[in-house]
Amino acid sequence: MSLPGPIDPPARLLMGPGPITAHPRVLQAMSAQLVGQYDPFMTDAMGEVMGLYRRVFDTANEHTLLIDSTARGAIEAALVSLLEPGDRVLVPVMGRFGHLLVEIAERCGAEVHTVTAPWGEVVPLEAIAAAMEAARPKVLAMVHGDTSTTMRQPFDGLRELCDRFDCLLYADVTATLGGNPFPTDAWGVDAATAGLQKCLGGPSGSAPATFSPRAVKAIESRRSIEAGIREPGDPATAHPIRSNYFDLAMIFDYWSPRRLNHHTEATTMLYGARECARVILEEGLGAYQARHDLHGRAMLTGVEGLGLAVYGDREHRMANIVAVEIPDGIDGEAVRGALLRDFGIEIGTSFGPLAGRVWRIGTMGWNARTDAVLATLAALEAVLRRHGASVAPGGGVDAAYDVYGTAA
Ligand SMILES: *Cc1c(COP(=O)(O)O)cnc(C)c1O
C-alpha cells in the first residue's frame with residue numbers, strides 16, 4: 001500500500017487575517033529536539049518565556065505565561081476561570097469575536113449583558129459606561145481588534161470605569177498584540193489573551209496571556225481541591241472552575257516555581273512562542289508596531305490607488321488589516337481563488353453581514369514587508385483586470401511606493 005509522501009506544502013504568501021506565513025526563525029526554533037517536562041532547561045525556558053511576554057504585553061504581571069491552545073482556548077480559559085455561574089459580565093460587541101465572547105461567557109453560566117455597535121464602528125465609551133451602570137458586571141470583556149470588521153476598540157477611560165464599578169477588565173488581543181500598541185499595565189487591563197498566528201508571526205496553537213494581581217486573586221479564590229491547597233468543604237470551592245484543562249489556578253501553579261503538574265507543556269509550541277517574542281523584541285516593540293503601521297498604511301493606500309473602497313471607520317482601524325469592498329459585479333471568491341492559484345497569495349474572505357462584500361488583507365508579522373505588500377497589490381490588480389474590473393493600471397503599487405517614499 002502506498003503512503004502519502006512527506007508533507008510538502010506549496011509556497012504561499014498568507015496575506016489574510018491569519019494565520020500568516022510564519023517567520024522562518026520561528027519554524028527553525030520549532031524543529032529543535034524535546035527535553036523532559038521538568039528538565040532544568042525546560043523550566044528555564046518557561047521562565048524566559050514569561051519574561052519575554054511581559055515585555056510584549058508591556059506589563060509587570062508575574063502571571064504572564066502561555067496557554068496551550070489556539071487563541072479561542074485562551075479566551076475560554078480566562079472567562080471560565082474568572083466567571084462563576086450567575087456572575088454578571090458585560091460584553092461590548094462590534095463584530096464576530098464579540099459574539100464569541102458572549103457565547104463562551106454564556107457557557108460559563110454567566111449572566112451576559114451586551115452593548116453593541118454597528119459593524120464597521122467601535123462602541124463609544126459613553127455607551128459602555130451606561131451599560132456598566134445598568135449591568136454592574138464583575139467582568140468587562142472586550143475584543144481589542146475585531147478581525148471580522150478590522151475595527152480597533154479604544155481602551156481610554158475603561159480602567160476608570162472599571163474602578164468605579166469594581167470590575168475586572170478582560171481583553172482579547174489575539175489580532176492586535178505586537179502590531180498595535182497595547183500597554184497592558186498603563187491601560188489597567190486585568191487579563192489579556194492572544195495567539196501566535198497574527199501579528200506575533202508564528203503558527204496557531206499557543207496563546208500568550210497575562211493576568212494582573214487582581215485577576216489572579218479572583219481566579220485563585222476558586223482553586224480546586226485537586227490542587228491540594230484547599231480542603232474539601234472549604235467554602236471557596238463551592239464554585240470551582242468548571243474546566244480542568246483551562247483551570248487557570250492550576251495552570252498558574254504549573255508555571256510557578258512549584259511546577260505542580262497539570263498538562264504536559266507543548267514544548268515545541270513553547271519554542272515557537274519564545275522565538276516569536278525574540279524576533280519582536282530584537283526589533284524593538286515600538287519599531288515592530290511602527291512597521292505594522294507603515295505596511296498597513298501602504299496596503300490601504302495601495303488598494304485605494306487601485307480605485308477600491310476601504311470598509312469601516314477610518315479613525316478606528318487596526319494597523320495590520322484592511323477590509324476592501326468587493327467591486328460591483330465581481331465574484332470575490334473567484335478573485336481569491338485566482339490569487340491563490342496563479343500567484344500563491346492568500347487574502348481573506350468575510351463572515352456574517354460582510355460575507356461576499358469585503359476581502360480582508362492582512363500585513364502582519366513577517367509579512368509586514370515591502371515586497372509582500374507590493375506583490376499583493378500587483379497580483380490583485382492583474383486578477384481584477386482579468387475579471388473585468390476597471391482598476392487604475394499601476395495605481396496600487398504606485399500609491400504604496402508613495403507611502404514608502406515619504407516614510408523613508
Ligand atoms: C483569530 C482570532 C481569534 C481566534 O483565534 P484561534 O487561534 O483561531 O482560536 C480570537 N479573537 C480574535 C480577535 C481573532 O482575530
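Remember, it's 1-based here, ligands and their atoms both numbered in the order they're listed. It should be emphasised that the depicted structure is a prediction, and the values quoted were computed from it without experimental measurement.
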> Would one find more than 12 heavy atoms of other residues, nucleotides or ligands at under 6.0 Å from atom CZ of Arg55?
no
> In a table with atom names and distances, give each donor-acceptor pair under 3.5 Å that connects a side chain of residues 125-139 to protein atoms at least two apart or in another chain.
unit_1: Glu133; atom_1: OE2; unit_2: Arg136; atom_2: NH2; d: 2.7
unit_1: Arg136; atom_1: NE; unit_2: Glu133; atom_2: O; d: 3.3
unit_1: Lys138; atom_1: NZ; unit_2: Leu82; atom_2: O; d: 2.7
unit_1: Lys138; atom_1: NZ; unit_2: Asp87; atom_2: OD2; d: 2.8

> Mind checking side-chain hydrogen bond (donor to acceptor under 3.5 Å, both in side chains) for Asp68 and listing every partner two or more places apart, or none if nothing turns up?
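Once residues adjacent in sequence are excluded, the partners of Asp68 under the side-chain hydrogen bond (donor to acceptor under 3.5 Å, both in side chains) criterion are His263.
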> Identify each donor-acceptor pair in which a side-chain atom of residues 339-354 lies under 3.5 Å from a protein atom, sequence neighbours left out, and give them as a table.
unit_1: Thr349; atom_1: OG1; unit_2: Glu333; atom_2: OE2; d: 3.3
unit_1: Ser350; atom_1: OG; unit_2: Val358; atom_2: O; d: 3.1

> For the pair Arg360 (side chain) and Thr150 (backbone), establish whether a donor and an acceptor sit closer than 3.5 Å, ignoring hydrogens and angles.
no
> Which pairs of N or O atoms, one from ligand 1 and one from the protein, are separated by less than 3.5 Å, and what is the distance for each pair?
unit_1: ligand 1; atom_1: 7 (O); unit_2: Ala71; atom_2: N; d: 3.0
unit_1: ligand 1; atom_1: 7 (O); unit_2: Gln197; atom_2: NE2; d: 2.6
unit_1: ligand 1; atom_1: 9 (O); unit_2: Thr70; atom_2: OG1; d: 2.7
unit_1: ligand 1; atom_1: 9 (O); unit_2: Ala71; atom_2: N; d: 3.3
unit_1: ligand 1; atom_1: 9 (O); unit_2: Arg72; atom_2: N; d: 2.8
unit_1: ligand 1; atom_1: 11 (N); unit_2: Asp172; atom_2: OD2; d: 2.6
unit_1: ligand 1; atom_1: 15 (O); unit_2: Thr147; atom_2: OG1; d: 2.2
unit_1: ligand 1; atom_1: 15 (O); unit_2: Lys198; atom_2: NZ; d: 2.6

> Surrounding CZ of Arg369 (heavy atoms of other residues, nucleotides or ligands, distance under 6.0 Å), is the total greater than 12?
yes
